[in-house]
Student: 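Please read through the structure below; I'll follow up with questions.
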Amino acid sequence: MAELDRTAEDSDISNEEHERPLERSRAGLKIWLKRLVTFVSFGPGVLGILWLIGRILRR
């Protein structure tokens with residue numbers, strides 16, 4: 001019975017280890033998107049960003 005308890009605990013630990021990188025990447029993506037929205041909102045604005053992309057693509 002002790003072996004069954006260890007096996008269940010080990011599988012829980014391995015599941016947590018696999019979820020952590022996914023959670024970190026989601027958190028990183030969320031922070032990056034917040035920064036992008038803040039930059040566009042308080043920086044050059046949406047039209048400024050579109051103008052800049054258009055200038056880059058024309059070259």
Side-chain angles (χ1 to χ4, degrees):
M1 182 156 188
E3 291 180 21
L4 292 175
D5 292 338
R6 287 186 202 151
T7 306
E9 290 174 4
D10 291 343
S11 66
D12 291 340
I13 292 170
S14 64
N15 286 340
E16 290 175 7
E17 289 174 357
H18 290 295
E19 291 175 358
R20 287 182 183 164
L22 182 61
E23 290 174 7
R24 277 191 235 138
S25 64
R26 285 183 182 169
L29 180 63
K30 190 173 183 178
I31 291 171
W32 186 82
L33 285 174
K34 282 184 180 181
R35 288 182 181 174
L36 178 66
V37 168
T38 303
F39 172 74
V40 170
S41 298
F42 296 108
V46 175
L47 291 177
I49 294 293
L50 293 175
W51 174 81
L52 183 60
I53 292 172
R55 293 279 297 200
I56 291 171
L57 292 177
R58 283 187 197 163
R59 293 183 181 190

Student: Treating Ile, Leu, Val, Met, Phe, Trp and Tyr as nodes and any side-chain heavy-atom pair under 4.5 angstrom as an edge, say whether Ile31 and Leu36 lie in one connected cluster.
Tutor: no

Student: Please enumerate all residues that pass side chain to side chain contact (heavy atoms under 4.5 Å, CB included) together with Val37, with sequence neighbours excluded.
Tutor: Ser41

Student: Can you hop from Leu22 to Leu33 via hydrophobic side chains spaced under 4.5 Å?
Tutor: no

Student: Please tabulate, one pair per line, all N/O donor-acceptor pairs under 3.5 Å involving side-chain atoms of residues 45-59, not counting sequence neighbours.
Tutor:
none

Student: Please report the interatomic distance CZ(Arg26) to NZ(Lys30), rounded to the nearest 0.5 Å.
Tutor: 11.0 Å

